[in-house]
S.K.: 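Before I ask anything, let me first share the structure, which is written out below as structure tokens.
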Amino acid sequence: MSTPNTTLPYYEQDGPEAKEIAQYLPYFPFKGIPRFYDIGGFLYEPKIFQKIVDIFAKRYETLEIDAIAGLDARGFVLGPPIALALQKPFVMMRKKGKMPNSVSSDDYKVEYGTRSGLTVQRDKIKEGQRVLIIDDLVATGGTLSSAISLVKLLGGVVVECACVVELKMFIDPSEESGLPSRTKLFQGLGHAEVPVWGLISEDVLTKEAVLPKEYVDDGEEH
């Protein structure tokens with residue numbers, strides 16, 4: 001499960017709020033992944049989207065945060081309304097070659113391939129600033145680890161990584177499973193102290209998307 005933080009307002013992973021939101025998170029066969037969870041479902045429902053923003057804002061309203069960083073690209077959808085609710089600066093962490101005056105992290109692996117490192121503008125995170133990282137989903141932790149590395153590179157501190165969905169199967173799988181371990185990845189990169197929180201896990205994400213007969217998996221990465 002997500003790393004608990006007892007100082008923050010508590011929302012149970014897969015609790016009542018999560019189960020309601022899960023009905024608007026269907027899965028698709030996409031990018032060669034049998035269950036690709038699409039946030040477009042809840043973005044289309046203003047009341048559900050607002051509920052998610054409210055949950056995140058409530059969780060972090062009492063935490064000392066200097067900035068909120070969102071990850072390219074779905075973190076750009078979720079992060080700004082949460083940042084506005086908390087009245088905190090929003091920082092974009094983008095793919096390489098998209099922003100001037102930026103620094104970059106190393107390349108990293110995700111569950112469906114390898115990606116170039118993320119970048120952030122070098123003047124957006126200052127020494128000692130406390131940063132909350134926002135993304136839609138955490139699986140292997142590759143993207144989050146890249147973002148954590150960027151914050152640390154500029155002298156900041158990551159107070160937590162927060163995602164709508166956490167795939168628990170990658171937290172600390174057995175050697176026999178052959179799955180990558182997020183725990184070992186974070187430990188190897190020196191990020192073990194950074195807590196990760198997810199509202200919903202795959203245990204309640206059981207809604208399969210209704211697809212037309214002509215549906216084709218046209219994802220860019222396989």
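Sequence positions, counted from 1, serve as the residue numbers for this chain.
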S.K.: Which heavy atom of G41 sits nearest a heavy atom of P26, and at what distance?
M.R.: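 Shortest heavy-atom contact: CA-CD, 4.5 Å.
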
S.K.: Can you check whether K95's main-chain N or O pairs, donor with acceptor, with D72's side chain at less than 3.5 Å?
M.R.: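 Yes.
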
S.K.: Please table the atom pairs, donor to acceptor, closer than 3.5 Å between any side-chain atom in residues 77-92 and protein atoms at least two apart or in another chain.
M.R.:
from, atom 1, to, atom 2, distance (Å)
Q87, NE2, L84, O, 2.9
K88, NZ, I65, O, 3.0

S.K.: Can a donor-acceptor pair be found, under 3.5 Å and without considering hydrogens, that links the side chain of R122 to the backbone of S102?
M.R.: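 Side chain of R122 to backbone of S102, a donor-acceptor pair under 3.5 Å: yes, one is there.
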
S.K.: Do the charged groups of K184 and E175 touch, with an N to O distance under 4.0 Å?
M.R.: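 Answer for the salt bridge query: yes.
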
S.K.: Of all heavy-atom pairs between G219 and K31, which one has the smallest distance, and what is that distance?
M.R.: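 Looks like CA-CG, 3.9 Å.
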
S.K.: Could you tell me which non-hydrogen atom of E193 sits nearest to which non-hydrogen atom of G190, and how far apart they are?
M.R.: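 Heavy-atom minimum between the residues: OE1-O, 3.2 Å.
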
S.K.: Main chain of V194, side chain of E160: is a donor-acceptor contact present, judged purely on distance under 3.5 Å?
M.R.: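 A pair under 3.5 Å: no.
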
S.K.: Compare every heavy atom of V138 with every heavy atom of L144, then report the nearest pair and how far apart it is.
M.R.: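 The answer is CD1-CG2, 3.5 Å.
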
S.K.: Does F42 have its ring centroid less than 6.0 Å away from the ring centroid of Y24?
M.R.: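 Aromatic pair excluded; centres sit 6.0 Å or further apart.
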
S.K.: Using only atom types and a distance under 3.5 Å, with no angle test, would you say the side chain of E166 pairs donor to acceptor with the backbone of L137?
M.R.: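 Looks like no, no N/O pair under 3.5 Å.
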
S.K.: Once rounded to the nearest 0.5 Å, what's the spacing between atom CG of L179 and atom CD1 of I171?
M.R.: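 Answer rounded to 0.5 Å: 12.0 Å.
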
S.K.: Are any side-chain N or O atoms of T119 and backbone N or O atoms of R94, one a donor and one an acceptor, separated by less than 3.5 Å?
M.R.: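 The answer is yes, because a donor-acceptor pair under 3.5 Å joins these two groups.
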
S.K.: Below 4.5 Å, heavy atoms only, C-beta onward: do I200 and I21 meet side chain to side chain?
M.R.: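 The answer is yes; the side chains approach within 4.5 Å.
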
S.K.: Does D135 reach the main-chain N or O of C163 with its side chain, forming a donor-acceptor pair under 3.5 Å?
M.R.: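 No: the side chain of D135 does not pair with the backbone of C163.
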
S.K.: Measure from NZ or CZ of R182 to the centre of the six-membered ring of F170 and say whether it is under 6.0 Å with the direction within 45° of the ring axis.
M.R.: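 The answer is no; the distance or angle limit is not met.
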
S.K.: Counting distance only, does the side-chain N/O of D217 pair as donor-acceptor with the main-chain N or O of G32 below 3.5 Å?
M.R.: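 Yes; at least one donor-acceptor contact below 3.5 Å.
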
S.K.: Do S181 side-chain atoms and D172 backbone N/O form a donor-acceptor pair below 3.5 Å?
M.R.: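 A pair under 3.5 Å: no.
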
S.K.: Strictly below 4.0 Å, N to O, side chains only: are D66 and R130 in salt-bridge contact?
M.R.: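 No salt bridge links D66 with R130.
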
S.K.: Would you say V157 and V131 are hydrophobically clustered, going by side-chain heavy atoms of ILVMFWY under 4.5 Å?
M.R.: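 The answer is no; the residues belong to distinct hydrophobic clusters.
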
S.K.: Short question: side chain of Q121, backbone of P100 - any donor-acceptor pair under 3.5 Å?
M.R.: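 Present.
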
S.K.: What donor-acceptor contacts under 3.5 angstrom involve side-chain atoms of residues 205-214, with partners at least two apart or in another chain?
M.R.:
from, atom 1, to, atom 2, distance (Å)
K207, NZ, Q23, O, 3.2

S.K.: To the nearest 0.5 Å, what is the distance between OG1 (T140) and CG (L167)?
M.R.: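 Spacing of OG1 (T140) from CG (L167) equals 9.5 Å.
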
S.K.: Whether K96 and D107 form a salt bridge (side-chain N of Lys/Arg under 4.0 Å from carboxylate O of Asp/Glu) is what I want to check.
M.R.: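 Yes, D107 and K96 are salt-bridged.
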
S.K.: Measure across L154 and I125 and return the closest heavy-atom pair with its distance rounded to 0.1 Å.
M.R.: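 Closest heavy-atom pair between L154 and I125: CB-O, 3.7 Å.
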
S.K.: Do side-chain atoms of S105 reach the backbone of S149 as a donor and acceptor pair under 3.5 angstrom?
M.R.: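 Side chain of S105 to backbone of S149: no pair is present.
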
S.K.: Parallel, tilted or perpendicular: which fits the ring planes of Y11 and W197, with parallel below 30° and perpendicular above 60°?
M.R.: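 It falls in the tilted class, 30° to 60°.
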
S.K.: What are the two closest heavy atoms between A162 and L132, and how far apart are they?
M.R.: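 Answer, listing the atom of A162 first, then L132: CB-CD1, 4.2 Å.
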
